[in-house]
Amino acid sequence: MPAARRSDYDDILARLTGIPVVIDQTIAQMKDGMAHGWTPARITMRDVPKQVESQMVSDPLASPLLAAFKRYPATFTADEKAELTRRAETAYREKVAPSFQKLADFLTTTYIPACRETIAISAIPDGAAYYAYLVRGQTTTSLTAAEIHQIGLDLVKQTRAQMDDLIATTGFHGSFANFITFVNTDPRFTFASKDDALLHYRDTAKRADPELARLFGTLPRLPYGVRAIPDAVAPSQTSAYYDPGAPDVGRPGYLSVNTYDLPSRPSWDMEDLVLHEGVPGHHLQISLAEEMRDVPEFRKQLGYTAFVEGWGLYAETLGPEMGFYTDPYSKFGFLSAVMWRAVRLVVDTGMHSMGWSRDRAIQYFEETTGQPHLNAVVEIDRYIAWPGQALGYMIGRLEIQKLRQEAERALGDRFDIRAFHDAVLDQGALPMDVLDAQIKQWIAGQQTTR
């Protein structure tokens, strides 16, 4: 939250005092869902009470919500700081903490016991139709769950063959399962400490930055940093994610890295994660969208999964063009990530439309991707809790790659990778059919330009 002016602090106080309303509305919605049989799978809710309880502290100023009240701008007077701190502490004690306690009590005594034992969204009333709707919305295509399932199976087979070929080049002797055990347990792939992990991620990010000039004509003005995922949520989070910045208020973007349980966070997938979550992935695409001019504000904030996450996956494929994946284990990390997203097509549709159990999905994910068990559990529970969302990633990547191939064939020697990437990104996130039309128009324009 911005914290540079007195009005910023008044806004923060307003948000703090508004938390009871938000929580009351959330509880009302949960009650409505219970009444209609629309609840999440109980297994995915197991860590939520702890997440809520971690927001409750005895000293208000120890709460991350009040961080701004511990580091005031130099222009604030002592009296101003004292008044604002007092109001913040009062708001926390009288509004924030009681509301979180109310939410924690409701979750543990009422809501979670009422959540469904099933994992498939098709198990709720009208669930099959709802899943079909989610599939259309998340992929912005007309593909059915069955068609996507098959695409996933085909990609899994293709990627596994590539992984086997790569393993052979390392001189490793043993089965695929043995190799997975090796890369997930050998000390050479483990970060020594939280600071060591952040240092390596930051180094990789800075190696990626200068490579952008060869692949993009337009780059965002907004910078980005690398930081650790907060301890309060890290145990149930994935390996890394992107936190968007805000150019209007001077907030940078951040590549957030999970430093919880470091032995389960192997270094071999670091390059792939930086390219996806940082540049040329989410930071580049999202920041360019936020910096668009002469468009309605909502256009800057659109987040079609197939475009946003499809671009993130496409960004991973640019690694070789940027000098990455030269180490066979880093290349294995890239292929493991490709497999990961291919497996998503299989397990998401498998669980929500084909009767797969959670255990079957976890086992399939773990055995097929080579990801550690903790990652497999977190990912499968995410797909259970967010049906269809994971389908947009690979479907979007395949569409962007198809458009690039069409442009390369049509333009031949006149194909300009920088201009193509600018054409993909210069209108912000789009549905796949709109992007298709835009790139075809761009190709036609390039063909008529001498």
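- Heavy atoms only, all atoms of each residue included: T369 and M339 are closest at CA-CG, 3.9 Å.
- No salt bridge links R418 with D422; every basic N to acidic carboxylate O contact stays at or beyond 4.0 Å.
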Handout entry: Audit row: R404, E399, salt bridge (charged side-chain N to carboxylate O under 4.0 Å, His left out) steps and yes/no
Key = CA-CA 9 Å; R404 175 173 172 172; E399 178 65 17; over 6 Å; no
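- From L403, atom CG reaches atom CD of E408 across 11.0 Å, with rounding to the nearest 0.5 Å.
- Qualifying side chain to side chain donor-acceptor pair (under 3.5 Å) partners for D126, counting only residues two or more places apart in sequence or in other chains: none.
- Atoms CZ and CD, from F307 and Q285 in turn, are 5.5 Å apart once rounded to the nearest 0.5 Å.
- The aromatic rings of Y133 and Y130 lie parallel to each other, with less than 30° between the two planes, well short of the 60° mark.
- N184 places no side-chain N or O within 3.5 Å of a backbone atom of S264 that could act as its donor or acceptor partner.
- A donor-acceptor pair under 3.5 Å is absent between the side-chain atoms of D381 and the main chain of T44, judged by distance alone.
- Of all heavy-atom pairs between M351 and A361, the closest is SD-CB, 3.6 Å.
- Judged as a side chain to side chain contact (heavy atoms under 4.5 Å, CB included), and not counting sequence neighbours, the contacts of D203 are R207.
- Exactly one of L199, L255, V274 qualifies for a side-chain contact (heavy atoms from CB on, under 4.5 Å) with V226. That residue is L255.
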Show every donor-acceptor pair shorter than 3.5 Å between a side-chain atom in residues 247-254 and any protein atom, with sequence neighbours excluded, or say none if there are none.
none

Exercise for the section: List the steps, then state whether side-chain contact (heavy atoms from CB on, under 4.5 Å) holds for L435 with Y304. Expected result: CA-CA 11 Å; L435 177 64; Y304 295 104; over 6 Å; no
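- The pair E379-R344 counts as a salt bridge, with a side-chain nitrogen and a carboxylate oxygen less than 4.0 angstrom apart.
- Here SG of C115 is found 9.0 Å from CE of M30. Values are rounded to the nearest 0.5 Å.
- Every side chain to side chain contact (heavy atoms under 4.5 Å, CB included) that S357 has, sequence neighbours left out, goes to D359, R360.
- To the nearest 0.5 Å, atoms CG (L318) and CG (L275) are separated by 8.0 Å.
- For the residue pair V338 and M394, the shortest heavy atom distance occurs at O-CE, 3.8 Å.
- The aromatic rings of W356 and H149 stand perpendicular to each other, their planes meeting at an angle above 60°, with 30° marking the opposite boundary.
- D231 CG: 12 or fewer foreign heavy atoms inside a 6.0 Å radius.
- With respect to the salt-bridge test (charged N to carboxylate O, under 4.0 angstrom), the residues R397 and E309 do not qualify.
- Under the 3.5 Å distance criterion, the side-chain polar atoms of N258 are matched with a main-chain donor or acceptor of T238.
- For E321, the CD atom sits in a packed shell: over 12 heavy atoms of surrounding residues, nucleotides or ligands are nearer than 6.0 Å.
- Between D47 and K50 there is a salt bridge, since a side-chain N of the basic residue sits under 4.0 Å from a carboxylate O of the acidic one.
- A distance of 9.5 Å separates CG in D416 from CG in L411, rounded to the nearest 0.5 Å.
- The aromatic rings of F191 and Y201 sit tilted relative to each other, their planes meeting at an angle between 30° and 60°.
- Ring orientation note: the planes of W311 and F216 are nearly perpendicular, at an angle over 60° on the 30°/60° scale.
- Looking at every heavy atom in both residues, L212 comes nearest to P280 through CD2-CB, 3.7 Å.
- For H276 and D272, the side-chain atoms include no donor-acceptor pair closer than 3.5 Å.
- Residue-environment remark: CZ (R221) stays at or below the threshold of 12 foreign heavy atoms within 6.0 Å.
- Evaluation of the side chain to side chain contact (heavy atoms under 4.5 Å, CB included) rule for E117 yields R42 as partners, not counting sequence neighbours.
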Exercise for the section: Report the C-alpha distance between K440 and E406 in whole Å, list the side-chain angles of each, state the deciding distance to 0.1 Å, and finish with yes or no for salt bridge (charged side-chain N to carboxylate O under 4.0 Å, His left out). Expected result: CA-CA 9 Å; K440 284 180 169 56; E406 289 179 7; 3.3 Å; yes
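- Residues L391 and T349 are in side-chain contact: their nearest non-hydrogen atoms beyond the backbone lie under 4.5 Å apart.
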Exercise for the section: Starting from the C-alpha separation in whole Å, work towards a yes-or-no answer on ring-ring contact (aromatic ring centres under 6.0 Å, His included) for Y314 and H421. Expected result: CA-CA 11 Å; Y314 172 77; H421 286 155; 5.5 Å; yes
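- Judged purely by atom type and a 3.5 angstrom limit, N178 has no side-chain atom pairing as donor or acceptor with the backbone of G174.
- Counting only heavy atoms from C-beta outward, the side chains of F106 and K31 approach each other to under 4.5 Å.
- Minimum heavy-atom separation, A197 to T259: CB-CG2, 4.4 Å.
- Below 30°, between 30° and 60°, or above 60°: for Y325 and F334 the angle between ring planes is below 30°, a parallel geometry.
- The aromatic rings of F415 and F420 are tilted relative to each other, their planes meeting at an angle between 30° and 60°.
- Salt bridge status for R160 with D164: present, with a side-chain N to carboxylate O gap under 4.0 Å.
- Of the charged side-chain nitrogens involved, at least one lies within less than 4.0 Å of a carboxylate oxygen, so that R188 and D186 count as a salt-bridged pair.
- In the displayed structure, K102 atom NZ is contacted under 6.0 Å by at most 12 heavy atoms of other residues, nucleotides or ligands.
- Using modelled atom types, one side-chain atom of T141 and one backbone atom of L143 make a donor-acceptor pair closer than 3.5 Å.
- A donor-acceptor pair is defined here as one N or O able to donate and one able to accept, closer than 3.5 Å; no such pair exists between the side chain of D32 and the backbone of Q29.
- In terms of the side chain to side chain contact (heavy atoms under 4.5 Å, CB included) criterion, residue partners of Q138 (sequence neighbours excluded) are, by chain and number, T305, W386, Q389.
- At a threshold of 4.0 Å, the pair R136-E147 does not count as salt-bridged, since none of the basic side-chain nitrogens sits closer than that to a carboxylate oxygen.
- A donor-acceptor contact closer than 3.5 angstrom is absent between the side chains of Q162 and Q158.
- When all heavy atoms of S239 and I229 are compared, the pair lying nearest together is O-CD1, 4.5 Å.
- Between F179 and F332, the ring planes are perpendicular. Angles over 60° get that label, and only those under 30° would be called parallel.
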